[in-house]
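Worksheet: the structure to be examined is printed underneath.
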Protein chains: 2
Amino acid sequence: MKKKEHKECTSALLPVRDTLDVIGGKWKLLILISIWEGNKHFREIERSIPKLSTKVLSKELKDLEANQLITRAVLNGFPVRTEYKPTQHSKTLKKVILELHNWGINHRKQIFSDKSEKDNLSVV
Amino acid sequence: MKKKEHKECTSALLPVRDTLDVIGGKWKLLILISIWEGNKHFREIERSIPKLSTKVLSKELKDLEANQLITRAVLNGFPVRTEYKPTQHSKTLKKVILELHNWGINHRKQIFSDKSEKDNLSVV
DNA sequence: CGGTATCCATAGGGATACTG
DNA sequence: CAGTATCCCTATGGATACCG
């Protein structure tokens, strides 16, 4: 029955939700990419991403660490320095990101190709 | 240099952002799935998704329509009835969703398996 | 039925200052 | 340097009532 199907589908949706929670939001991917690129330190990452505040960066880094996409190490010395690095696990995301990328490209084509017939399409 | 690379990466991120905007959020996929399942009418969709308010559904349907994932048709008669249907374009999302699904499954394994050790983060 | 309009609560984000 | 703490503010969402 329809209801049952819907229940099945929406529970099958849970892992999808998980993934979206992990990489969704305004900053997560930007930060991850910054770290992939080799930025290691808090300020360094912060500077590499315009408009990103320390509070948000701090929170996002914790999330990324909790999801084992990055590691955090505190180095000896003064002033304190920390080092963030991507994990192997984080690299499994690249395929997903590629898929999202491809669909996004294709979606734009779709939206714009149809523009000739319908002017008033407010898009994305 | 690093800055340039980051610019390149983040601009390559735009299509990814587009995709996340299209399917992200709390309700978009639930609504799309409901429609994929054959629910066509406003109330019908609303009832199929617990906790979804009319205001939000209304907005989300507009977004989905703007992104050409669904079509909206107003049927003759009284009271008014509308009919929402999935587009062909919407079906191209299924592959993306599958990818998100698979990663989500895998991610859970990763998170739960790794309690003991910190390194060895190899996953698929 | 298929929505808008309205009011209100809340979470989250920006800016800034501050601590170890 | 690496963050917390604080204040503030707006965007979103729930609940409800109402209109064509």
Side-chain angles (χ1 to χ4, degrees), chain A residues 2 10 13 17 20-32 34-35 37-67 69-86 120 122 124, chain B residues 2 10 13 17-18 20-32 34-35 37-67 69-86:
Chain A
K2 206 164 274 182
T10 53
L13 204 54
R17 183 92 285 132
L20 290 176
D21 288 344
V22 169
I23 65 173
K26 196 170 170 184
W27 305 109
K28 293 247 163 59
L29 279 181
L30 286 170
I31 294 168
L32 192 54
S34 175
I35 294 173
E37 283 170 7
N39 293 315
K40 288 174 166 31
H41 309 295
F42 193 90
R43 291 289 170 204
E44 197 178 4
I45 298 165
E46 188 182 9
R47 277 194 304 266
S48 76
I49 304 174
K51 303 291 181 185
L52 173 57
S53 72
T54 66
K55 190 175 76 173
V56 172
L57 177 55
S58 174
K59 178 193 165 286
E60 299 294 64
L61 285 171
K62 279 175 188 166
D63 289 349
L64 291 172
E65 192 191 359
N67 281 310
L69 300 179
I70 60 173
T71 58
R72 174 179 181 274
V74 181
L75 307 181
N76 293 330
F78 184 85
V80 174
R81 282 181 81 78
T82 53
E83 208 169 80
Y84 294 94
K85 289 182 187 171
N120 54 353
S122 57
V124 185
Chain B
K2 207 165 274 182
T10 55
L13 204 53
R17 182 92 285 132
D18 286 346
L20 290 176
D21 289 345
V22 168
I23 65 172
K26 197 171 171 183
W27 302 111
K28 294 244 162 62
L29 280 180
L30 287 169
I31 293 168
L32 191 55
S34 175
I35 294 173
E37 282 170 6
N39 292 316
K40 289 173 162 37
H41 308 295
F42 193 91
R43 293 288 172 206
E44 196 178 5
I45 297 165
E46 187 182 11
R47 278 193 305 267
S48 76
I49 304 175
K51 304 290 181 186
L52 175 57
S53 73
T54 67
K55 190 174 74 174
V56 172
L57 177 55
S58 174
K59 178 194 167 286
E60 298 294 64
L61 287 171
K62 279 175 187 165
D63 289 349
L64 290 172
E65 192 192 358
N67 281 309
L69 300 179
I70 61 174
T71 58
R72 175 179 181 274
V74 181
L75 307 181
N76 293 331
F78 184 85
V80 173
R81 282 183 81 77
T82 53
E83 208 170 79
Y84 293 95
K85 290 183 187 171

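Protein chains get the first letters and strands the later ones, always in sequence-line order, with residue 1 at the start of each.
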Please check the phosphate of [N] (OP1 and OP2 only) for any side-chain N or O of [X] closer than 4.0 Å.
X      : N      : answer
Y84(A) : dG3(D) : yes
R72(A) : dA2(D) : no
K62(A) : dT4(D) : yes
T82(A) : dC1(D) : no
H41(A) : dA2(D) : yes

First encountered from the 5' end of DNA chain D, between V80(A) and K26(B):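 In this pair, the answer is V80(A).
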Derivation and outcome, side chain to side chain contact (heavy atoms under 4.5 Å, CB included), residues R72(B) and Y84(B): CA-CA 5 Å; R72(B) 175 179 181 274; Y84(B) 293 95; 3.3 Å; yes
Ion pair check, K28(B) and E60(B), cut-off under 4.0 Å: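 A salt bridge links K28(B) with E60(B).
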Pair K62(A) + E65(A), salt bridge at N-O below 4.0 Å: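 No, this pair does not count.
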Between dG2(C) (P) and L75(B) (CG): distance, integer Å: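 Distance check: L75(B) CG to dG2(C) P gives 9 Å.
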Separation of atom CG in L57(A) from atom P in dG13(C), rounded to whole Å: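 So the CG-P distance, L57(A) to dG13(C), works out to 12 Å.
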Toward the 5' end of DNA chain C, by each residue's nearest nucleotide, W27(A) or F78(A):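 Taking each residue's closest nucleotide, the earlier one in sequence belongs to W27(A).
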Polar pair under 3.5 Å, donor/acceptor by atom type, side chain K51(B), base dG14(D):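 No, no donor-acceptor pair under 3.5 Å.
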Donor/acceptor link under 3.5 angstrom from T54(A) side chain onto base of dT4(D):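 Checked by distance alone, the answer is yes.
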Sugar-phosphate only, base, or nothing, as touched by K55(A) at under 4.0 Å among non-hydrogen atoms: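 Answer is base: heavy atoms of K55(A) come under 4.0 Å of a base.
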[X] side chain: which of [options] is closest?
X      : options                  : value
S58(B) : dC1(D), dT4(C), dG2(C)   : dT4(C)
F42(B) : dG14(D), dG14(C), dG2(C) : dG2(C)
R43(B) : dG3(D), dG2(C), dT4(C)   : dG2(C)

I23(A) vs L32(A), side chain to side chain contact (heavy atoms under 4.5 Å, CB included): CA-CA, chis, key distance, verdict: CA-CA 9 Å; I23(A) 65 173; L32(A) 192 54; 5.7 Å; no
Whether E46(A) side chain and F42(A) backbone form a donor-acceptor pair below 3.5 Å: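 No: the side chain of E46(A) does not pair with the backbone of F42(A).
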